[in-house]
Amino acid sequence: MIFKEKIAYLLACLTFINPNLSSISGKDRTYDVVIYGGTSAGIASAIQVSRMGKSVILIEPTRRIGGLTTGGLGQTDIGNKQVVGGIAREFYRNIRQYYDHPDNWKWQKKEEYMDSGQTRTERDEEAMWTFEPSAALSVYQKMLNDEKITLVHSQRLNRKTGVKKQNDRILSIEMEDGSKYTGKMFIDATYEGDLMATAGVSYSIGREANETYGETLNGVQANRINNTLSWTVSTNGYNHNFSDGVDPYIVKGDPTSGLLPYITEGGRPGIDGHGDRKIQAYCFRMTLTDHPENKIPFQKPDNYNELNYELLFRNYEVAGGSEANQIPWINSPMPNRKTDTNNRRGFSTDFIGQNYAYPKADYEEREKIIQAHRDYQQGLMWTLAFHPRIPPHIRNEVSKWGTCKDEYEKDSNGWQQQLYIREARRMKSDYVMTQKNCERIEIVDDPVGMGAYGMDSHHVQRYVDANGFVQNEGNVEAPVSAPYPISYRSIVPKRSECRNLLVPVCVSSTHIAFGSIRMEPVFMVLGQSAATAACQAIDSGKAVQDIDYALLREQLLKDKQVLEVTIQEKR
């Protein structure tokens with residue numbers, strides 16, 4: 001499509017005009033499968049249900065489908081592309097085809113673009129793994145348009161009384177506006193696990209103690225030393241931390257003056273390896289550009305408070321060598337002179353410790369948390385670009401960049417609504433994926449997808465160490481030796497809790513295992529597998545826990561899902 005047609009199409013999506021998808025005309029509708037959450041997993045689920053000949057509705061609580069895939073995470077985290085199959089692989093092939101069209105290159109020529117991510121050495125491969133949010137939205141919308149899917153935007157689940165159950169089965173779900181949807185099967189594809197929780201399914205929040213599941217990388221990770229565990233090397237908080245000697249007090253050297261903002265009161269992080277209810281930090285994956293015609297300069301928020309960035313100033317003041325020259329971001333290039341910009345170093349876009357309440361918070365409180373993250377990050381970018389206490393060479397580089405005029409809603413100044421929910425609730429089912437699965441110490445016999453990314457946790461809290469200086473805690477970056485299978489039992493609840501629900505995002509896993517599983521391609525894969533299981537449960541008249549795995553596996557392989565790979569054993 002030409003550029004003007006593309007813009008018109010995206011505007012239509014944002015105002016919910018979608019003539020090719022079914023619309024809702026009544027307050028109560030019945031479907032074979034009801035999917036709550038238009039994330040990448042929800043979209044893959046809906047497409048698979050449609051292709052298996054069942055009626056399906058996809059309900060997205062916000063105004064935009066696609067979750068993080070259309071919300072800024074354009075530099076795909078994978079680990080091993082070999083394990084991405086089915087609808088997920090189809091999506092990335094469609095991204096390649098999108099960029100093969102000359103009209104979709106407006107701000108630079110195609111030959112000028114060099115991908116520094118997954119596609120950098122394979123320019124001729126069939127798929128493309130780095131993309132603009134608007135490109136992902138366009139591709140997803142076309143994929144949905146090709147199917148028989150009812151799509152609903154801006155309807156949020158009534159989380160108090162909105163789930164009706166009988167005999168451990170969900171009968172219907174009701175939205176805040178009173179719309180009710182009845183189904184035979186339900187899929188919770190949200191990042192938060194709201195449908196799962198409202199249905200009374202068990203879940204965890206935070207970090208388990210290492211002793212709970214026999215792990216070594218879970219719980220508090222305050223040791224800033226490298227640990228060797230068999231073949232696994234963990235940085236245990238060493239990365240993305242402060243330079244030595246950053247004072248944590250409002251008045252340097254004076255504890256009576258109080259701690260600077262966002263440092264844990266009490267000063268200590270907890271005992272290494274012990275569990276807590278804290279979760280890894282969130283941020284916005286910013287879409288930036290340096291093209292003068294498309295750039296919106298960073299703006300100072302109305303509620304800007306310089307004290308919120310005092311730790312940033314002090315970190316530059318004590319930093320020496322190369323650290324003093326580093327910009328605290330990962331600014332990965334995307335097509336059309338745009339970037340996927342993410343957290344890096346000790347004081348960056350991660351709003352550490354300010355999301356603990358988010359998973360269980362009501363909608364109003366969540367909006368406040370999201371806005372606080374946006375205010376913090378907007379203030380950070382303005383500070384890095386323009387504040388006189390930032391080194392001049394840092395200011396000069398950051399001020400070249402800004403948000404994009406042609407991404408996200410028109411009134412957003414280039415800032416998305418989708419917060420990077422790295423972790424929220426995690427279901428507790430009959431099988432919990434753990435570090436041992438990621439390390440292939442334990443291998444499941446009922447795979448519905450594979451993980452391949454390292455066990456990755458961002459920082460969880462900021463504290464004062466024994467020397468009286470500020471540190472971050474919670475970062476873990478531990479590789480997996482090879483792709484590993486993800487159990488079907490980890491995406492279905494306990495039979496006694498719900499017999500017709502599948503959960504492909506908030507899967508049953510520990511904090512550290514989820515750090516590997518939580519990648520958008522994996523969510524797509526698990527979404528397709530969940531939908532396949534839902535359809536087979538309908539056809540067989542069985543609970544999702546009781547379907548024939550052999551038949552499920554047969555269908556998944558037929559639909560080009562990847563359930564195993566050849567492993568080169570280490571010697």
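Minimum heavy-atom separation, Arg63 to Ser154: CG-OG, 3.4 Å. Shown here for Phe523 and Ser40, the closest heavy-atom pair between the two residues is CB-OG, 3.9 Å. Of all non-hydrogen atoms in Ile486 and Gly451, the two that sit nearest each other are CD1-N, 3.7 Å. Of all non-hydrogen atoms in Phe186 and Leu171, the two that sit nearest each other are CZ-O, 3.7 Å. The nearest pair of heavy atoms linking Leu502 to Ala534 is CD1-CB, 3.8 Å. Closest approach of Leu552 to Ile547, counting heavy atoms only: CD2-CD1, 4.1 Å.
Contact of the Thr190 side chain with the Leu195 side chain is not registered, since no non-hydrogen atoms from C-beta on lie closer than 4.5 Å. Proximity of Cys498 to Asn500: side-chain heavy atoms (C-beta onward) are separated by under 4.5 Å at one or more points. For the pair Gln299/Trp382, no side-chain contact is recorded, criterion being any heavy-atom separation below 4.5 Å from C-beta on. The shortest side-chain heavy-atom distance between Leu157 and Tyr363 falls under the 4.5 Å cut-off. In this structure, the side chains of Met143 and Asn94 come closer than 4.5 Å at one or more pairs of heavy atoms. Inter-residue side-chain proximity for Phe131 and Thr70 is flagged as unmet; no heavy-atom pair is nearer than 4.5 Å. In this structure, the side chains of Asp290 and Lys295 stay at 4.5 Å or more apart for every pair of heavy atoms. Under the 4.5 Å side-chain criterion, counting only non-hydrogen atoms from C-beta, Val56 is not in contact with Thr150.
A salt bridge is defined here as a Lys NZ or Arg NE, NH1 or NH2 lying under 4.0 Å from an Asp or Glu carboxylate O, and Asp146 with Lys142 meets this definition. A salt bridge links Asp350 with Arg422: the distance from a Lys NZ or Arg NE/NH1/NH2 to an Asp or Glu carboxylate oxygen falls below 4.0 Å. Using a 4.0 Å cut-off between a side-chain N of Lys or Arg and a carboxylate O of Asp or Glu, Arg96 and Glu125 do not qualify as a salt bridge. Taking the charged nitrogens against the carboxylate oxygens, Arg425 and Asp194 do have a contact shorter than 4.0 Å, which makes a salt bridge. Between Asp406 and Lys106 there is no salt bridge, since none of the side-chain N atoms of the basic residue sits less than 4.0 Å from a carboxylate O of the acidic one. Lys180 and Glu174 are not joined by a salt bridge, as no carboxylate oxygen comes within less than 4.0 angstrom of a charged side-chain nitrogen. The residues Arg489 and Asp446 are annotated as salt-bridged, a charged nitrogen and a carboxylate oxygen being separated by less than 4.0 angstrom. The pair Arg337-Glu112 does not count as a salt bridge, with every side-chain nitrogen at least 4.0 angstrom from each carboxylate oxygen.
Under 3.5 Å, the side chains of Tyr181 and Thr30 contain no donor-acceptor pair of N or O atoms. Looking only at atom types and distance, the side chain of His511 has a donor-acceptor partner in the side chain of Glu423 under 3.5 Å away. If you check the side chains of Gln75 and Thr130, you find a donor sitting under 3.5 Å from an acceptor. Using modelled atom types, one finds a donor on one side chain and an acceptor on the other under 3.5 Å when comparing Tyr431 with Asn437. Side chain to side chain, Thr289 and Asn294 fail the donor-acceptor criterion of an N or O pair below 3.5 Å. No donor-acceptor contact under 3.5 angstrom links the side chains of Thr62 and His153, judged on distance only. With no hydrogens or angles considered, a side-chain donor-acceptor pair links Ser508 and Ser429 at under 3.5 Å.
Under the ring-ring contact (aromatic ring centres under 6.0 Å, His included) criterion, Tyr203 pairs with no residue at all, not counting sequence neighbours. Legend: residues meeting salt bridge (charged side-chain N to carboxylate O under 4.0 Å, His left out) with Glu90, ordered by chain and number and at least two apart, are Arg51. Residues forming a side chain to side chain contact (heavy atoms under 4.5 Å, CB included) with Pro485 (at least two apart in sequence, or on another chain): Arg440, Ile443, Val444, Pro447, Met450. Take Tyr92 and apply the ring-ring contact (aromatic ring centres under 6.0 Å, His included) test, not counting sequence neighbours, and it matches Trp129. For Tyr99, the ring-ring contact (aromatic ring centres under 6.0 Å, His included) partners at least two apart in sequence or on another chain are Trp105. Scored by the side chain to side chain contact (heavy atoms under 4.5 Å, CB included) test, Ala88 finds Val84, Met524, Val525 as partners (sequence neighbours excluded). By the side chain to side chain contact (heavy atoms under 4.5 Å, CB included) test, Cys535 pairs with Val49, Met52, Lys54, sequence neighbours left out. For Gln545, the side chain to side chain contact (heavy atoms under 4.5 Å, CB included) partners two or more places apart in sequence, or in a different chain, are Val492, Pro493, Arg495, Arg499, Ala543. Residues that satisfy the salt bridge (charged side-chain N to carboxylate O under 4.0 Å, His left out) test with Asp340, not counting sequence neighbours, are Arg285.
Sorted by first and then second residue, the salt bridge (charged side-chain N to carboxylate O under 4.0 Å, His left out) pairs with a member in residues 509-534 read Asp456-Arg518; sequence neighbours excluded. For residues 43-77, no pair satisfies ring-ring contact (aromatic ring centres under 6.0 Å, His included), with sequence neighbours left out. The ring-ring contact (aromatic ring centres under 6.0 Å, His included) pairs that include a residue from residues 33-82 number zero, where partners must be two or more places apart or lie in different chains.
No side-chain donor-acceptor contact under 3.5 Å links Thr339 to the backbone of Thr287. With Glu407 contributing its side chain and Ser134 its backbone, the two residues share a donor-acceptor pair below 3.5 Å. Checking side-chain atoms of Ser529 against main-chain N and O of Val448 turns up a donor-acceptor pair under 3.5 Å. Without hydrogens or angle criteria, Lys405 side chain to Ile296 main chain gives no donor-acceptor distance under 3.5 Å. Within the 3.5 Å criterion, the main-chain N or O of Asp168 finds no donor-acceptor partner in the side chain of Glu497. In terms of modelled atom types and a separation under 3.5 Å, the side chain of Asn342 and the main chain of Ile330 share no donor-acceptor contact. Although no hydrogens or angles enter the test, the distance criterion places no donor-acceptor pair under 3.5 Å between the side chain of Arg159 and the main chain of Thr198. Using a distance-only test at 3.5 Å, with no hydrogens or angles considered, no donor-acceptor pair links the side chain of Asp559 to the main chain of Gln561. Looking only at distances, a side-chain donor or acceptor of Ser516 sits under 3.5 Å from a matching main-chain atom of Tyr453. When atom types are taken as modelled, the side chain of Arg89 and the backbone of Lys81 share a donor-acceptor pair closer than 3.5 angstrom.
Note on ring orientation: taking the six-membered ring where Trp is involved, the planes of Tyr358 and Tyr282 are perpendicular (angle over 60°, cut-offs 30° and 60°).
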- Message: Checking Gln377 against Cys283 for the side-chain contact (heavy atoms from CB on, under 4.5 Å) test, could you report, in this order, the C-alpha distance in whole Å, the side-chain angles of both residues, the deciding distance, and whether it holds?
- Response: CA-CA 8 Å; Gln377 202 159 326; Cys283 70; 3.7 Å; yes

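Within a 6.0 Å sphere centred on NZ of Lys428, other residues, nucleotides and ligands contribute 12 heavy atoms or fewer. More than 12 heavy atoms of other residues, nucleotides or ligands sit less than 6.0 Å from atom CD of Gln108. Within a 6.0 Å radius of NZ in Lys360, other residues, nucleotides and ligands contribute 12 heavy atoms or fewer.
Proximity of the aromatic rings of Tyr420 and Tyr191 is defined here by a centroid distance below 6.0 angstrom, and this criterion is not met.
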